[in-house]
Amino acid sequence: MKLNPGQNDAVHYVSGPCLVLAGAGSGKTRVIINKIAYLVEKCGYQARHIAAVTFTNKAAREMKERVSQSMGRKQARGLWISTFHTLGLEIVKREHKVLGLKPGFSLFDDQDTFALLKELTQDELDEDKDLIKALAAAISNWKGALVIPQQAIKTAKDEQSILFAHLYQRYAQQMKAYNALDFDDLILIPTLLLRMNEEVRGRWQQRIQYLLVDEYQDTNTSQYELVKLLVGERARFTVVGDDDQSIYSWRGAKPQNLVLLGKDFPKLKLIKLEQNYRSSQRILRCANILIANNPHVYDKSLFSELAYGEPLKVLFAANEEQEAERVVAEIIKHKFMGKTQFGDYAILYRGNHQSRLLERALMTNRIPYKLSGGTSFFARAEIKDIMAYLKLVVNPDDDNALLRVINLPKRGIGPATLERLGNYANDKKISLFAAIFEAELNHYIAPGAMKSLYEFGKFIVDTGEMATRGDPVEAIKVLIRKINYEDYLYETSTSAKAAEMRMKNISELYRWVTEMLQGDELDEPMTLPEVITRLTLRDMMERNNEEEGGDQVQLMTLHASKGLEFPYVFMVGTEERILPHQSSIDEDNVEEERRLAYVGITRAQKELWFMLCRERRQFGETMRCEPSRFLMELPQDDLVWETRKVVQSEQQRVEKGKANIANLREMFKK
DNA sequence: GAACTAGACGTTTTT
DNA sequence: CGTCTAGTTC
């Protein structure tokens, strides 16, 4: 397929900074891929000097695959295609010496951070979950804005900010002591390092000679700063973005960074991609008219040359159960009428909890579906247990990991022993693990407990030796066996079935780790520390999801749908308080919700349905629902609103069908 | 180990 | 209202 003029310009403009304003479905990924190939094949860049950055692992992976397909695996070798966080991790890893980090540092996920903050702030926040979460959010915001603790303390105004700023400082100190980093550090630390250290900066600018950034509207302050530092004076970069699809402001993303770019780089070349290759003209017209209600930095008018297409449908249901059943009924009907597959349908919703009823309806109708997002595999206790062991093996100073597993299985190391160990370590300013091996410790701790501690410490050291000197795969196998984890699961699980499930999860984890240690066609073999940090960044989960990819209806949040496309899309819960969400209405941030609706609409290629309820239960209380204001903003001549009469007859049909099934079941029983 | 109960808690979006 | 947890009972 040939590039259109805009795409062509975007690919071939390589002499300076370039901003590609790419509307939904305008082929931006194609531009990036072609541009990488162009840089390597025609401009003489070596693959290893080009970096492309995305926001999700899924996008990075997809890009990697498409690039190797288009220019050949050999040529693509050495390209840096990763998320911002993975790139940051890479910089931290290679510069750990300058940063004063020991190799094998730990990466804390949100749960680890929460646990640490809880521990750290017992006196101040009294284990108040909401407060700790607020603190975690505040710290994350500070880090995203490149504010270090001292600055936070200086600028804090109200009482709570002052307290939080001091706790931020304490948290940062503690993380340093643990030799641990959190997600935000993966951007913050490289950025500060590059800013302050000219030598390191020069080295990385030499290393990354051309930088491409996808979904640029999602960058926050620290990410933008990192981009600036990496590209330096030469400013050889291309960023691709769409301010209308900026839906992560709550995570610190600043669409204004698109404007700032023009100020920071006066020679910035602006290229617009306005032809949409995805959606019917009707769908696109609706999307355009909706988003015209928002203010715009750059004007952009998307057009499509595809068919005008079917009208968009607005379907009513009495309540949320019927809404879910209705969606399923429509999918079955529609699939029967056209030659479509389940995989052609997507159901999009505002909040994760909305998936529950949809799942139930799909399941009872035996429709295969795939749910993206939701509770992570890595949040499961059994996975966290084994991961904690592995983290500890790699970084014994990770107190968090140590506390999780030191008495798992029971080793006779109780709270009293741990408190004394903790006090000792605190006094000496060493890690818990290091304290175990201090000769003086036996003054404070009973001989029995002392022996257990020492045995535990030795076990971790031995496993570490085996993992580094010998075969890491074997080491993990031995680890799981030696701690009798299977027995532990059967003892602690609420049922034998549950224990089996958990053990299966462990086997799954083991399989992944093994695969990553050994590598495959697309990825080099990794070391154990690399595997652990990767898994903490949730890389594997997404890969696994892709592998399943059968013929399944897709369920996901509107946020998670960004960047994807589907022939037939259902948007459920298009009601006031849901989309736009109540909290956004309260906070006067309806514009972002409108962009979210815009993202949802522009996912659809051929047909689109809006679902809404007349009433909906919330915490046991029944609430009446109003159609979303966004539905009112759409061009009504492109919509078909279902009339009440149809609603009733459709409802009756569904009820009747259900009664029939029930009857059949009864008959079957007898 | 399973099956039950009471009681608290909750719904924004995620790298 | 539904889900999760801790605690109880058999």
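Every chain is numbered from 1, with letters handed out A, B, ... down the list of sequences.
Proximity of A/Leu131 to A/Thr121: side-chain heavy atoms (C-beta onward) are nowhere separated by under 4.5 Å.
Atom NE2 of A/His85 and atom P of B/dT14 are 14 Å apart (whole Å). The distance between atom OH of A/Tyr248 and atom P of B/dT15, rounded to the nearest whole Å, is 7 Å. Atom CG of A/Asn319 is separated from atom P of C/dC1 by 13 Å (rounded to the nearest Å). The CG atom of A/Leu357 sits 13 Å away from the C1' atom of B/dT11 (whole-angstrom rounding).
Out of B/dG10, B/dT14, B/dT12, the shortest distance to the side chain of A/Arg251 is found at B/dT14. Here B/dT12 is the nucleotide among B/dT12, B/dT14, B/dT11 with the atom lying nearest to any side-chain atom of A/Ser583. Of the candidates B/dG10, B/dT14, C/dC1, the closest approach to any side-chain atom of A/Arg617 belongs to C/dC1. Taking every side-chain heavy atom of A/Arg350 into account, B/dT12 is the closest of B/dT12, B/dT14, B/dT15. Counting only heavy atoms from C-beta on, A/Phe183 has its side chain closest to B/dT15 among B/dT15, B/dT14, B/dT12. Side-chain atoms of A/Thr557 lie closest to B/dT14 of the nucleotides B/dT15, B/dT14, B/dT12.
Nearest-nucleotide mapping onto DNA chain B: of A/Asp184 and A/Glu587, the residue sitting toward the 5' end is A/Glu587. Nearer to the 5' terminus of DNA chain B, by closest-nucleotide assignment, is the contact made by A/Gln618 (compared with the other of A/Gln618 and A/Ala560).
Here A/Phe55 lies in heavy-atom contact (under 4.0 Å) with sugar-phosphate atoms only. Base engagement by A/Asp110 is indicated by at least one non-hydrogen atom pair under 4.0 Å involving a base atom.
Remark: aromatic rings of A/Tyr345 and A/Phe566 are distant, center separation not under 6.0 Å. Note: A/Tyr171 and A/Tyr168 fail the aromatic proximity criterion, with ring centroids not under 6.0 Å apart.
Open room surrounds CZ on A/Arg577; 12 or fewer heavy atoms of other groups in view lie less than 6.0 Å from it.
Distances shorter than 4.0 Å separate none of the side-chain N or O atoms of A/Asn352 from OP1 or OP2 on B/dT11. Residue A/Arg356 has a polar side-chain atom (N or O) positioned under 4.0 Å from OP1 or OP2 of C/dT3.
Separating the P atom of C/dC4 from that of B/dT13 is a span of 15 Å, rounded to the nearest Å.
Where stacking is scored as ring centres under 5.5 Å apart with planes under 30°, A/His581 registers as stacked on the base of B/dT12.
A/Leu107 contributes atom CG, which lies 5.0 Å from atom OG1 of A/Thr536 (distance to the nearest 0.5 angstrom).
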